[in-house]
Every structure is written in structure tokens, then in C-alpha cells.
Amino acid sequence: MSFSGEIKEELSSPVSSGRHCRLAETAAILSLCGKIIITENDRYCVKIQTENLPVARKYFTLLRKAFNIKAEVAVRKSREMRFYSVVVRKDQEARRLLKETCLLDNDGNIQECMSLVHNRLLKQNCCRRAFIRGAFLAAGSVSAPEKSYHFEIVSSSEKKAIQLQELLLQYEIDARIVLRKKYNVVYVKEGSQIVELLGLMGAYLSLMQLENVRIVKEVRNSVNRKVNCETANLNKTVSAAVRQVEDIRYIESRMGLCELTEGLEETARLRLKHPDASLKELGDLLSPRVGKSGVNHRLRKLSLIAEQLRKGEEE
């Protein structure tokens with residue numbers, strides 16, 4: 001089972017105790033994956049179709065507990081996929097369902113509004129969280145955290161996507177919208193914010209799973225950064241030592257090390273004898289001992305002498 005499937009399985013079991021939260025969650029599911037059918041004799045039928053069994057089960061339970069509606073359930077198999085349909089066929093029940101979820105006005109017109117300002121279902125914090133949960137169940141997905149951090153909810157309407165984005169911004173979730181083919185996708189890329197979203201929806205087991213993966217990835221990245229830094233420093237040190245040995249060999253071949261001052265000669269001979277030694281180690285071998293900056297100063301002088309000899313030879 002995918003990570004998204006695990007989250008939806010977790011969210012499908014608990015049902016909110018408050019009817020207002022059940023209404024909000026039902027409204028979200030209907031808004032994002034519901035279909036309203038109006039027959040020629042003006043009779044209403046409400047249907048959702050999903051390939052996710054936990055979502056169908058949750059919606060069926062919400063209808064029964066919040067509206068006392070026993071919906072019809074059908075299963076259709078297409079190739080290797082199964083599609084689950086939950087249908088409310090009775091006109092009176094369908095109209096009541098749509099009115100109470102703010103999808104049908106008093107004149108019988110279809111009117112969807114997920115606005116925080118105008119929708120009475122989204123006035124309370126618990127109901128807004130229930131709505132986000134329903135929206136995710138209906139049209140959401142989360143990438144496997146081992147691969148990447150990506151949370152999204154797909155909407156066929158730009159207006160719905162914008163209103164959903166505004167709803168998430170209420171919780172300081174930096175949701176963005178991208179157009180993918182004919183759909184508007186509300187997405188979140190930041191791992192910590194996806195954790196926050198899972199907490200808002202009540203998917204605490206999945207939250208812990210994601211957090212564990214994040215911790216492992218952060219530790220691994222931290223170790224890699226340190227190793228890369230140490231490797232870079234080591235490469236830099238080795239390259240510097242190679243250049244120093246080349247310069248000293250050049251001085252030795254052109255003028256001899258005995259022509260150098262006592263301190264430079266001692267440093268040069270130690271570098272030739274210990275090409276892999278660090279500046280501190282070289283300093284400890286000198287008599288008297290010299291600090292890292294002192295050793296570096298002497299080596300720079302040797303490089304300058306070698307450079308001057310090369311220039312003189314070119315001239």
C-alpha cells in the first residue's frame with residue numbers, strides 16, 4: 001500500500017463526534033469528488049466515485065451517522081483497478097444532503113462555496129480541520145517520504161483551489177497552486193508543513209512515520225555534509241602539500257636548500273621528509289616549535305622564492 005493509501009486508511013476509521021464536523025467533512029468529499037445528477041422530472045441524485053475503498057467506507061459512514069441515509073454502494077472493475085460508487089438516489093434525501101452541506105440553496109440551485117467568510121460549515125476550527133481531512137480523502141495524495149516531500153489536493157475548479165489554499169493559509173501552511181492539464185493542484189513541498197497537515201487531519205500514525213523518515217534523512221544529510229567538508233579540506237591540504245614539495249624541490253635543484261635561512265631550510269627539509277603532515281604537525285617537529293601560522297608563513301616564503309627563481313629562469 002502506498003503512503004497515501006496508509007494515510008487514507010488511518011483517516012477512514014475515526015468519525016467526528018460533532019455533527020457540524022461530519023457535515024464539513026462530507027461537504028469536502030462531495031465538493032471535490034461528488035457528482036449531482038438532476039433527472040428530467042427534476043429529481044436529484046448524488047454520487048461519488050473513488051478508487052479508494054477507505055474513502056468510500058468513510059463517506060458511507062458519514063451519510064449514515066450525520067444524515068441517517070443508507071446509500072447504495074457499487075463496485076466496478078476496470079483492468080486492474082476497482083472503482084467504488086456511493087449513491088444517494090432518493091430525491092428527498094439527496095436534496096437534504098446537498099442543503100445541509102451548503103451545496104444547494106433554498107431555490108434548488110447548485111451552489112458550492114468553501115469560503116471561510118460565507119460558509120457556515122467552516123466557522124469553527126474543528127470543522128475546518130474536518131473539511132481539510134475530507135478534501136484530502138476525496139482528492140489528495142502524499143508522496144512516499146523516502147523519495148520526496150509532496151502533498152497535494154487536486155481540484156477541477158480554480159475557484160475551489162484558491163479557497164482551499166486560503167483555508168490552509170489559516171494554519172500558516174504555505175500552499176501553492178499549479179495548473180496540471182485541466183486540473184488545479186494545491187500542493188505543499190515543505191516536509192515540516194506536511195507533518196503539520198497530517199496533524200491537522202488527525203493522521204497521527206502517518207505523522208510519526210513521516211517524522212521518523214525526516215529524522216533519518218536529516219542525520220544522513222548532516223553526515224554527508226560533514227564528510228564532504230572534511231574530504232574537501234583534506235583535498236585542499238593534500239594539494240597544498242604537493243605544491244609545497246614541488247616548490248622546495250625546485251629551490252633545491254636551482255640554488256640548494258643550504259642557501260636558505262636556517263628556519264626556512266629546516267622547514268623545507270621537514271616538508272620533504274613529511275609530505276603528508278599538517279601545518280600543526282610540522283610546527284611540532286621544528287626546534288623550537290612553531291605555530292600553524294608561523295609554519296604557513298615559512299612555506300609561503302618558500303613558494304615565493306620558487307616563483308622568483310622560475311621568473312628569473314624565464315627571463
Side-chain angles (χ1 to χ4, degrees), residues 8-9 11-13 15-16 18-79 81-115 118-122 127 130-141 153-161 163-164 167 181-186:
K8 291 185 179 184
E9 182 69 46
L11 294 177
S12 69
S13 298
V15 178
S16 303
R19 188 171 186 271
H20 43 86
C21 292
R22 295 174 185 173
L23 292 177
E25 190 167 357
T26 305
I29 294 173
L30 282 174
S31 180
L32 288 167
C33 75
K35 184 178 181 181
I36 302 170
I37 302 168
I38 305 175
T39 64
E40 291 181 358
N41 54 355
D42 201 32
R43 296 182 65 82
Y44 283 74
C45 174
V46 179
K47 172 184 178 181
I48 74 155
Q49 180 172 288
T50 176
E51 60 190 54
N52 198 296
L53 177 58
V55 176
R57 185 171 62 238
K58 180 64 174 288
Y59 177 65
F60 181 88
T61 304
L62 286 169
L63 290 179
R64 183 169 52 83
K65 291 194 172 185
F67 304 92
N68 196 27
I69 293 174
K70 190 172 182 179
E72 295 179 18
V73 180
V75 183
R76 179 173 61 86
K77 188 173 182 181
S78 175
R79 295 181 183 177
M81 300 290 294
R82 287 180 182 269
F83 293 93
Y84 303 89
S85 298
V86 183
V87 187
V88 178
R89 293 194 184 279
K90 294 181 180 179
D91 177 71
Q92 187 177 357
E93 291 181 340
R95 287 175 182 268
R96 178 162 59 88
L97 170 62
L98 294 172
K99 282 183 179 179
E100 294 197 42
T101 53
C102 297
L103 300 176
L104 190 70
D105 62 22
N106 294 327
D107 298 324
N109 298 315
I110 305 299
Q111 180 158 355
E112 298 185 42
C113 178
M114 303 193 319
S115 168
H118 302 295
N119 195 323
R120 60 180 173 80
L121 297 179
L122 302 178
C127 297
F131 190 93
I132 295 170
R133 180 168 58 248
F136 176 78
L137 283 169
S141 64
I153 296 175
V154 180
S155 170
S156 59
S157 160
E158 182 182 8
K159 183 179 179 182
K160 289 182 188 178
Q163 290 179 334
L164 184 57
L167 178 58
K181 294 182 179 179
K182 61 179 181 178
Y183 296 101
N184 292 270
V185 181
V186 182

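- Counting only heavy atoms from C-beta outward, the side chains of Val185 and Ile153 never approach each other to under 4.5 Å.
- Note: Ile132 CD1 to Leu122 CG = 9.0 Å, rounded to the nearest 0.5 Å.
- If you take NZ on Lys182 and OG on Ser157, they are separated by 13.5 Å, rounding to the nearest 0.5 Å.
- Remark: Arg95 engages Asp42 in a salt bridge, criterion side-chain N to carboxylate O under 4.0 Å.
- Looking at Arg76 and Glu51, no side-chain N of the basic residue comes within less than 4.0 Å of a carboxylate O on the acidic one, giving no salt bridge.
- A distance of 8.5 Å separates OG in Ser16 from NE2 in His20, rounded to the nearest 0.5 Å.
- For Ser13 and Arg57, the side-chain atoms include no donor-acceptor pair closer than 3.5 Å.
- Considering all non-hydrogen atoms of both residues, Ala94 and Val88 come closest at N-CG1, 3.8 Å.
- Interatomic distance, Leu137 CG to Leu32 CG, rounded to the nearest 0.5 Å: 10.5 Å.
- The side-chain heavy atoms of Val15 and Arg22, taken from C-beta on, include a pair separated by under 4.5 Å.
- By the neighbour-count criterion of 12 heavy atoms within 6.0 Å, atom OH of Tyr183 is sparsely surrounded, having that number or fewer from other residues, nucleotides or ligands.
- Nearest heavy-atom pair, Cys21 versus Ala130, reported as atom, atom and distance to 0.1 Å: O-CB, 3.5 Å.
- Between Tyr44 and Lys90 the shortest side-chain heavy-atom distance does not fall below 4.5 Å.
- When side chains are defined from C-beta on, Leu121 does not count as touching Cys127, because their heavy atoms never get closer than 4.5 Å.
- Ser12 contributes atom OG, which lies 8.0 Å from atom CG of Leu53 (distance to the nearest 0.5 angstrom).
- Closest non-hydrogen pair, Ala161 versus Val186, comes out as O-CG2, 3.5 Å.
- Of the inter-residue distances, the one linking Asn184 atom CG with Lys160 atom NZ reads 11.0 Å to the nearest 0.5 angstrom.
- Between Lys58 and Arg133 there is a side-chain heavy-atom pair separated by less than 4.5 Å.
- Between Glu93 and Lys70, none of the side-chain N atoms (NZ, or NE/NH1/NH2) sits under 4.0 Å from a carboxylate O, so this pair counts as no salt bridge.
- Using a distance-only test at 3.5 Å, with no hydrogens or angles considered, a donor-acceptor pair links the side chain of Lys8 to the main chain of Gly140.
- Side chains of Cys33 and Gln49 form no contact here, defined as non-hydrogen atoms less than 4.5 Å apart.
- Contact annotation: the side chain of Arg120 approaches that of Cys102 to within less than 4.5 Å [non-hydrogen atoms, C-beta and beyond].
- Partners of Thr50 under the side-chain hydrogen bond (donor to acceptor under 3.5 Å, both in side chains) rule, at least two apart in sequence or in another chain, do not exist in this structure.
- Under a cut-off of 6.0 angstrom, the local environment of CZ in Arg82 is sparse, with at most 12 non-hydrogen atoms contributed by other residues, nucleotides or ligands.
- Residues Leu167 and Phe131 approach most closely at CD2-CD2, 3.6 Å, considering heavy atoms.
- Considering every non-hydrogen atom in both Val87 and Lys47, the closest pair reads CG2-CG, 3.8 Å.
- Considering only heavy atoms from C-beta on, Phe67 comes within 4.5 Å of Thr26 through its side chain.
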